[in-house]
Amino acid sequence: MDSLHLTGKTAVVTGASRGIGHAAAWYLSRLGADVVLTARTQQAADAAAAETVPGAVGFAAHATDADAAGQCIDFTLERFGRLDILVNNAATNAAYGPLVDQHYDGFRKTIDLNLWAPILWSSLAARAWMSAHGGTIVNTASLGGLTTEPNLGIYNVSKAALIHFTKQCAVELAPSVRVNAVAPGVVRTKLSEVLWRDREHAVADSLPLGRIGEPEDIGQAIAFLASDAAAWITGQVLVIDGGAIL
């Protein structure tokens with residue numbers, strides 16, 4: 001397992017102010033990577049970076065803002081001289097409820113952040129560094145992209161599309177860039193709070209492993225996929241759900 005380290009590499013993690021994004025940034029940094037954490041505000045980005053390791057840097061960039069995304073990629077290359085890892089983690093669920101009750105605004109916001117943003121950041125990273133020098137991209141998808149469930153139809157559609165984008169991008173950017181995804185189940189994050197708040201014990205009892213997930217469960221898996229320990233893995237979706245899919 002000597003290849004399970006990231007010393008000398010640089011990572012950008014979108015939506016890293018809390019939850020899975022912050023956990024991913026923390027584990028990437030623990031493995032030796034220089035990390036740029038993005039959030040919607042500079043204050044949130046700086047606070048998240050301060051909680052990671054010395055040398056981690058925060059950068060204000062809404063994931064769907066093309067100008068801010070480009071500036072973040074440019075900043076990363078200027079600051080660290082390279083961009084080896086991109087974690088597309090920023091996400092939203094702005095369209096909760098039955099599909100027949102949804103409106104375009106909620107749909108557009110969900111698709112823009114959950115699907116277009118990863119496409120945008122991946123294209124910028126590939127053009128600026130990865131296609132010529134190599135790299136790895138990890139997308140935060142969801143178990144919902146592989147299943148169905150009430151009230152999360154548009155969110156799950158966006159994550160199913162992200163899973164397909166992962167596979168498509170893995171083919172298009174090969175062999176210099178590896179592209180994979182994680183598909184978390186119910187994790188203790190603010191985004192998924194509606195799924196476990198007030199009924200955590202019932203959800204945990206329904207899972208073979210007897211508990212809901214923690215951001216660290218997903219962050220460690222992202223760090224593994226970003227490392228050379230996963231050097232022959234691309235276009236794959238790693239389900240991390242405590243056995244829920246069973």
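The chain is numbered in sequence order, starting from 1.
Under the 4.5 Å side-chain contact rule for hydrophobic residues, Phe165 and Val12 share a cluster. If you chain together hydrophobic residues whose side chains sit under 4.5 Å apart, Val177 and Val171 never meet in one group. Grouping the Ile, Leu, Val, Met, Phe, Trp and Tyr side chains by contacts below 4.5 angstrom, directly or via other members, places Leu124 with Leu162. There is a path of hydrophobic side-chain contacts, each under 4.5 Å, that joins Phe59 to Val57. Tyr96 and Phe107 fall into different hydrophobic clusters, where Ile, Leu, Val, Met, Phe, Trp and Tyr are joined by side-chain heavy atoms under 4.5 Å apart, directly or via other members.
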Tell me which donor-acceptor pairs under 3.5 Å the side chains of residues 231-246 have, and how far apart each pair is, sequence neighbours excluded?
residue : atom : partner : partner atom : Å
Thr234  : OG1  : Val179  : N            : 3.0
Gln236  : NE2  : Thr234  : O            : 3.3
Asp241  : OD1  : Gly243  : N            : 2.9
Asp241  : OD2  : Ala244  : N            : 3.2
Asp241  : OD2  : Ile245  : N            : 2.7

What side-chain donor-acceptor pairs closer than 3.5 Å can you find for residues 144-152, not counting sequence neighbours?
residue : atom : partner : partner atom : Å
Thr147  : OG1  : Leu143  : O            : 3.3
Glu149  : OE2  : Asn156  : ND2          : 3.3

Below 3.5 Å, can you tabulate the donor-acceptor pairs from side chains in residues 128-138 to any protein atom, sequence neighbours excluded?
residue : atom : partner : partner atom : Å
Trp129  : NE1  : Leu83   : O            : 3.4
Ser131  : OG   : Ala126  : O            : 3.2
Thr136  : OG1  : Arg178  : O            : 3.4

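Open room surrounds CZ on Arg127; 12 or fewer heavy atoms of other groups in view lie less than 6.0 Å from it.
Note on residues 26-45: pairs passing side-chain hydrogen bond (donor to acceptor under 3.5 Å, both in side chains), not counting sequence neighbours, are Gln42-Asp46. For residues 88-100, no residue pair satisfies the salt bridge (Lys or Arg N to Asp or Glu O under 4.0 Å) rule, not counting sequence neighbours. Residue pairs meeting the side-chain hydrogen bond (donor to acceptor under 3.5 Å, both in side chains) criterion with at least one member in residues 53-81, sequence neighbours excluded: His62-Thr64. Within the structure, the side-chain hydrogen bond (donor to acceptor under 3.5 Å, both in side chains) test picks out the following pairs touching residues 160-176 (sequence neighbours left out): Asn139-Thr166, Gln168-Glu172. Identified under the side-chain hydrogen bond (donor to acceptor under 3.5 Å, both in side chains) test for residues 109-121, with sequence neighbours left out: Asn114-Ser158.
When every heavy atom of Ala69 is checked against every heavy atom of Leu120, the shortest pair comes out as CB-CD2, 4.0 Å. In terms of heavy atoms, Ala63 sits closest to Leu113 at CB-CD1, 3.5 Å. Counting all heavy atoms, side chain and backbone alike, Ala161 lies closest to Leu115 at CB-CD2, 3.7 Å. Contact detail for Leu6 and Ala226: the closest heavy-atom pair is CD2-O, 3.8 Å. Residues Ala90 and Thr14 come closest through the heavy atom pair N-OG1, 3.1 Å. Of all heavy-atom pairs between Cys72 and Val36, the closest is SG-CG1, 4.1 Å.
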Are Leu37 and Val35 close enough, and set up right, to give a side-chain contact (heavy atoms from CB on, under 4.5 Å), and what steps lead you there? CA-CA 6 Å; Leu37 299 84; Val35 183; 3.9 Å; yes
Please test Leu225 against Val182 for side-chain contact (heavy atoms from CB on, under 4.5 Å), starting from the C-alpha separation and ending with a verdict. CA-CA 9 Å; Leu225 288 172; Val182 292; 3.8 Å; yes
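Every side chain to side chain contact (heavy atoms under 4.5 Å, CB included) that Asp228 has, sequence neighbours left out, goes to Ser3, Lys9. Here Arg211 pairs with Asp217 under the side-chain hydrogen bond (donor to acceptor under 3.5 Å, both in side chains) rule; sequence neighbours left out. Annotation: side-chain hydrogen bond (donor to acceptor under 3.5 Å, both in side chains) contacts of Ser17 (sequence neighbours excluded): none.
Here the CD-OG1 distance, from Glu214 to Thr189, works out to 10.0 Å after rounding to the nearest 0.5 Å. The structure places CG of Asp101 at 7.0 Å from NE2 of His103, a figure rounded to the nearest 0.5 Å. Atom CG of Asn89 is separated from atom CZ of Arg18 by 11.0 Å, given to the nearest 0.5 angstrom. One finds the OG atom of Ser227 at 12.5 Å from the CD1 atom of Ile222 (value rounded to the nearest 0.5 Å). Rounded to the nearest 0.5 angstrom, His5 NE2 and Leu31 CG are separated by 9.5 Å. Rounding to the nearest 0.5 angstrom, the gap separating the CG atom in Leu4 from the CD atom in Gln220 is 10.0 Å.
Leu191 shares a hydrophobic cluster with Tyr155; the chain of contacts runs through ILVMFWY side chains whose heavy atoms sit under 4.5 Å apart.
With hydrogens and angles disregarded, no donor-acceptor distance shorter than 3.5 Å links the side chain of Ser122 to the backbone of Ile119. Remark: side-chain polar atoms of Glu216 are not paired, donor with acceptor, to backbone N or O of Ala23 under 3.5 angstrom.
At a threshold of 4.5 Å between non-hydrogen side-chain atoms, the residues Val187 and Pro184 count as touching.
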